[in-house]
Amino acid sequence: MRIIPAQPDDVAKLLAVREEAVAWLAYLGTDQWQRPYPADFLLATIKADTAFMVMDGEATAATLTLTTEAEPGLWTEHELSEPSRFVNMLTVARTHAGQDLGGRLLDWAGDRAYRDGAKWLRLDAWTTNEPLQRYYLRQGFDHVRTLRGGVAVNGGPRVSGWLAQRLTAPADHGFEDLTE
């Protein structure tokens, strides 16, 4: 499998992977990602060169955004002064579930962040999705705090305020990395 930067013509593919995840999350009984994610927000991450795709042949197996920009209001001034990268919208296609792609993608992100000189790999997870929070803890993240209140970037109340971080480090993620 290879990891590549997403391109503007990939927006439909990425939205399809997300919609599949939305249906799966609803089946699991969580309200995570039930608000539509605006295509123009996704396109902006692609144009900023922060959206990445894991490809298995021609199939989109997983995606994530890795950025230097934190969502406003989540991290303290002190935390923002530390070199960090932020993981957003980590999504694995159901066709590729159970293959540890999420874990490998987090390792890739931590490796890339390390090579970029960042100390921390940080993320915010859905506040009420405790299985997801436990997943990130198993992936070596430490819970920093949970924020409730505020406004989400795509409107409505903030619902993704469970903050976690882990130190960046070199990693053998196993992807053919075509991002540089």
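A distance of 10.5 Å separates CG in L123 from CD in Q133, rounded to the nearest 0.5 Å. Atom CD in E69 sits 12.5 Å away from atom OG1 in T45 (nearest 0.5 Å). Distance check, rounded to the nearest 0.5 Å: NE2 of H96 to CG of L101 gives 6.5 Å. Rounding to the nearest 0.5 Å gives a distance of 7.0 Å between OG1 of T65 and CG of L42.
You'll find the side chain of L147 reaches within 4.5 Å of the side chain of R145, heavy atoms only. A heavy-atom distance below 4.5 Å is found between the side chains of W75 and V144. Annotation: side chain of N88 is in contact with side chain of T67 (closest heavy-atom distance under 4.5 Å). Taking 4.5 Å as the limit, every side-chain heavy atom of L105 sits out of range of all side-chain heavy atoms of H173. Under the 4.5 Å side-chain criterion, counting only non-hydrogen atoms from C-beta, K13 is in contact with M53. Using a 4.5 Å cut-off on side-chain heavy atoms (C-beta onward), F86 and T50 make no contact. At a threshold of 4.5 Å between non-hydrogen side-chain atoms, the residues P5 and D49 do not count as touching. Residues M55 and T60 meet the side-chain proximity criterion, which asks for heavy atoms closer than 4.5 Å.
Residue-environment remark: CG (D9) exceeds the threshold of 12 foreign heavy atoms within 6.0 Å. Residue-environment remark: OH (Y114) stays at or below the threshold of 12 foreign heavy atoms within 6.0 Å.
In plain terms, the two heavy atoms of G117 and P83 that are nearest each other are O-CB, 3.6 Å. Shortest non-hydrogen contact noted between L132 and A125 is CD2-CB, 4.1 Å. The heavy-atom pair separating A51 from I46 by the smallest distance is CB-CG1, 3.8 Å. Across every non-hydrogen atom of L90 and G102, the tightest pair is CD2-O, 4.2 Å. Closest approach of A70 and L80 over heavy atoms only: CB-CD2, 3.7 Å. Heavy-atom minimum distance, G110 versus T168: O-CB, 3.4 Å.
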Is there a salt bridge (Lys or Arg N to Asp or Glu O under 4.0 Å) between R122 and E82? Walk through the geometry before answering. CA-CA 11 Å; R122 291 180 165 147; E82 299 173 313; 2.6 Å; yes
Evaluate salt bridge (Lys or Arg N to Asp or Glu O under 4.0 Å) for R166 paired with D142, printing each intermediate quantity in order. CA-CA 6 Å; R166 74 179 192 193; D142 293 316; over 6 Å; no
Show your working on side-chain contact (heavy atoms from CB on, under 4.5 Å) between T63 and V54 and close with a plain yes or no. CA-CA 6 Å; T63 183; V54 174; over 6 Å; no
Using the side-chain contact (heavy atoms from CB on, under 4.5 Å) rule, take I3 and L178 through it: C-alpha gap first, then chi angles, then the decisive distance, then the call. CA-CA 6 Å; I3 186 165; L178 303 176; over 6 Å; no
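Annotation: cation-pi pair R85/W120 absent, no NZ/CZ under 6.0 Å from the ring centroid and within 45° of its normal. A cation-pi contact links R104 to F175, judged by a cut-off of 6.0 Å to the six-membered ring centre and 45° from its axis.
A donor-acceptor pair under 3.5 Å links the side-chain atoms of R2 to the main chain of G57, judged by distance alone. In this structure a side-chain-to-backbone donor-acceptor pair under 3.5 Å is missing from N129 to W126. A distance-only check finds a donor-acceptor pair linking the side chain of T127 to the backbone of G161 [under 3.5 Å].
Linking Ile, Leu, Val, Met, Phe, Trp and Tyr whenever their side-chain heavy atoms come within less than 4.5 Å leaves L66 and L167 in two separate clusters. Hydrophobic clustering (ILVMFWY, side-chain heavy atoms < 4.5 Å, transitive): L64 and V17 are in distinct clusters.
When only modelled atom types and interatomic distance are considered, T91 and R18 share no side-chain donor-acceptor pair under 3.5 Å.
The aromatic rings of F141 and Y136 sit perpendicular to each other, their planes meeting at more than 60°, with 30° as the lower class boundary.
Here R115 pairs with D111, R112, D177, E180 under the side chain to side chain contact (heavy atoms under 4.5 Å, CB included) rule; sequence neighbours left out. Contacts of T146 classified as side-chain hydrogen bond (donor to acceptor under 3.5 Å, both in side chains), with partners at least two apart in sequence or in another chain: H143.
Between F52 and W108, the ring centre distance stays below 6.0 Å.
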